[in-house]
Amino acid sequence: MATNIGMMDSAYFVGRSEILSWINSTLHLNLSKVEEAASGAVQCQLMDVAHPGIVPMHKVNFDAKNEYEMIQNYKILQEVFNKLKITKHIEVNKLVKGRPLDNLEFMQWMKRYFDSVNGGLVHDYNPSERREACKGGKDAGKRSAPAAQASVKSNSAAPRPHSSHGTRRNEPSVNQPVKVAKTTSTAVAAYDQQITELKLSVDSLEKERDFYFSKLRDIEILCQYPEIEYSPIVEAIKRILYAADDDGSVVVEAQAMVSESMKQRANLSPIAEVAEECIQIETQKRKNILTLDVDAAADATSYPRQRLSDVSDVHCSASPLATF
């Protein structure tokens, strides 16, 4: 099951329209924006669809308007996660704010999890009947989008034209407000769509900015490590990190620093080899001198013993002559 999935997973590339269509068809709702599910009640019922009976639906509040009421719904959702041993972290503080991107990403994860359970199939589940036990659940499915309500009202308010010539002359003045109302509702819906897209774009850019800033901060901390802080490559990296403007010459200077360091290493390497060879020769000489000293000392200690042995041999050989 998809309890934790990465940000580059295909689940996070599912569009907002597809998410809304999935929610509305599964739960028989009429949501027009993803952030309308910020109360947490929709998520609770989606988990009840995936695992029938596991969610205490009588505690879920579909009329939650305040943050403390929404938090109660998310507490119920967290308890369900704990029962199912789902390790997904719920960012309640962001979701209850109604930010489009945060709610979209969480619903994308919900859809991925829902699809991983029994292939996303729903068996013998009546969402409207299950919502009857919830606070505000009976009217949840009857709510429609504001734009749809405006269009319905405008259509119902439009009178049918009569066949008389007098009424035909007055038709432009009667139908004009209706046309204006339709145009206004369409414009408002278009502006709401643009605002939602702009909010999603801003949230996405802010998240991307924070991601790359954290990476740069990690690089800066690594460059401050004492053992490598003053190495040429680290100095070149710092030159790029702390550049005050977008001048391309900074990268060229950093590359020049690295190239100069490599040249210096190449020039110093033969000297280092000669120095190492001299050290090896000197060490060998010392070993040879030490060996000679040891041999000389051994000869010096063995010479008196040899003389004593020679004298003893003489005495031994002379003793028979003395008897004669």
Side-chain angles (χ1 to χ4, degrees), residues 1-51 54-55 57 60-65 67 69-81 84 86-122 125 127 130-131 134 136-137 140-141 143-146 192-193 195-204 206-208:
M1 294 183 182
T3 56
N4 277 317
I5 56 177
M7 288 300 297
M8 297 307 295
D9 191 272
S10 59
Y12 290 109
F13 292 93
V14 179
R16 183 172 57 90
S17 300
E18 184 177 348
I19 292 294
L20 287 173
S21 176
W22 167 66
I23 295 173
N24 292 332
S25 62
T26 304
L27 301 182
H28 299 174
L29 296 174
N30 293 311
L31 302 184
S32 61
K33 298 178 182 179
V34 178
E35 53 267 32
E36 292 178 9
S39 66
V42 172
Q43 292 86 334
C44 288
Q45 189 168 14
L46 286 173
M47 292 301 297
D48 190 65
V49 176
H51 304 279
I54 197 171
V55 180
M57 293 297 294
V60 179
N61 185 2
F62 273 86
D63 273 343
K65 298 293 189 298
E67 289 189 5
E69 294 176 328
M70 299 178 183
I71 291 174
Q72 293 300 319
N73 286 337
Y74 284 109
K75 285 184 177 179
I76 297 172
L77 183 64
Q78 185 64 64
E79 291 176 358
V80 174
F81 280 12
L84 298 173
I86 298 175
T87 58
K88 171 68 175 175
H89 175 64
I90 304 175
E91 296 181 345
V92 180
N93 294 331
K94 292 183 179 179
L95 294 173
V96 296
K97 300 295 183 183
R99 298 178 62 181
L101 183 62
D102 294 323
N103 282 274
L104 176 61
E105 289 181 353
F106 190 67
M107 294 307 301
Q108 287 170 336
W109 180 90
M110 290 290 298
K111 186 177 187 306
R112 174 62 182 272
Y113 178 82
F114 189 86
D115 292 341
S116 67
V117 179
N118 298 326
L121 300 177
V122 181
Y125 185 88
R130 285 289 289 167
R131 277 197 302 272
C134 306
R143 298 166 190 165
S144 59
D192 288 341
Q193 177 72 16
I195 291 171
T196 302
E197 291 177 356
L198 288 174
K199 286 182 179 180
L200 289 172
S201 178
V202 170
D203 291 343
S204 178
E206 287 180 352
K207 183 167 290 188
E208 186 176 1

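If you're wondering where the values come from, they're calculated on a predicted model, not measured in any experiment.
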Indicate every side-chain donor-acceptor pair of residues 96-103 with a distance under 3.5 Å to a residue at least two apart or in another chain.
from   : atom 1 : to     : atom 2 : distance (Å)
Lys97  : NZ     : Glu67  : OE2    : 3.2
Arg99  : NH2    : Asp203 : OD1    : 3.1
Arg99  : NH2    : Glu206 : OE1    : 3.4
Asn103 : ND2    : Leu95  : O      : 3.4
Asn103 : ND2    : Arg99  : O      : 2.8

Seminar exercise, completed: salt bridge (charged side-chain N to carboxylate O under 4.0 Å, His left out) filter on Lys94, not counting sequence neighbours, yields Glu91
Exercise. Is the side chain of Gln43 donor-acceptor paired with the backbone N or O of Ala37 at a distance under 3.5 Å, no angle test?
Worked result: yes
For this session: Apply side chain to side chain donor-acceptor pair (under 3.5 Å) to Gln78 and list each qualifying residue two or more places apart in sequence or on a separate chain.
Result: Asn82
For this session: Report the residues that fulfil side chain to side chain donor-acceptor pair (under 3.5 Å) with Asp48, sequence neighbours left out, ordered by chain and then residue number.
Result: Tyr125, Arg130
Problem set entry | Set of side chain to side chain donor-acceptor pair (under 3.5 Å) partners for Asn24, sequence neighbours left out | none
Exercise. Hey, what's the ring geometry for Tyr113 with His51, parallel, tilted or perpendicular (30° and 60° as the breaks)?
Worked result: tilted
For this session: Provide the closest heavy-atom pair for Phe81 versus Met110 in the form atom of the first, atom of the second, distance.
Result: CZ-SD, 4.5 Å
For this session: Mind checking ring-ring contact (aromatic ring centres under 6.0 Å, His included) for Phe114 and listing every partner two or more places apart, or none if nothing turns up?
Result: Trp22
Exercise. Measuring from Cys44:SG to Glu79:CD, what's the distance to the nearest 0.5 Å?
Worked result: 9.5 Å
Exercise. Any idea which heavy atoms bring Asn61 and Asp63 closest together, and the distance?
Worked result: OD1-N, 2.8 Å
Exercise. What's the spacing between Met57 CE and Ile76 CD1 if we round to 0.5 Å?
Worked result: 9.0 Å
For this session: Give the C-alpha distance, both sets of side-chain angles, the deciding distance and a yes or no for side-chain contact (heavy atoms from CB on, under 4.5 Å) between Arg16 and Leu20.
Result: CA-CA 6 Å; Arg16 183 172 57 90; Leu20 287 173; 4.0 Å; yes
Problem set entry | Leu27 backbone acceptor or donor facing Gln45 side chain under 3.5 Å | no
For this session: Using salt bridge (charged side-chain N to carboxylate O under 4.0 Å, His left out) as the criterion, list what pairs up with Asp115, not counting sequence neighbours.
Result: Lys111
Exercise. Name the one of Ile23, Val34, Thr26 that satisfies side-chain contact (heavy atoms from CB on, under 4.5 Å) with Val42?
Worked result: Ile23
For this session: Just do the side-chain contact (heavy atoms from CB on, under 4.5 Å) check on Ile86 and Met47 with the steps written out, would you?
Result: CA-CA 12 Å; Ile86 298 175; Met47 292 301 297; 4.0 Å; yes
For this session: Say whether, by atom type as modelled, one donor and one acceptor occur between the side chain of Ser21 and the main chain of Glu18 under 3.5 angstrom.
Result: no
For this session: Supply the atom-to-atom distance Gln108 CD to Arg112 CZ, rounded to the nearest 0.5 angstrom.
Result: 11.5 Å
Problem set entry | Asn73 side-chain N/O to Val60 backbone N/O, donor-acceptor pair under 3.5 Å | no
Problem set entry | Residues that Glu69 engages under side chain to side chain donor-acceptor pair (under 3.5 Å), provided they are two or more places apart | none
Exercise. Can you tell me how far the CZ atom of Phe62 sits from the CG atom of Leu29, to the nearest 0.5 Å?
Worked result: 6.5 Å
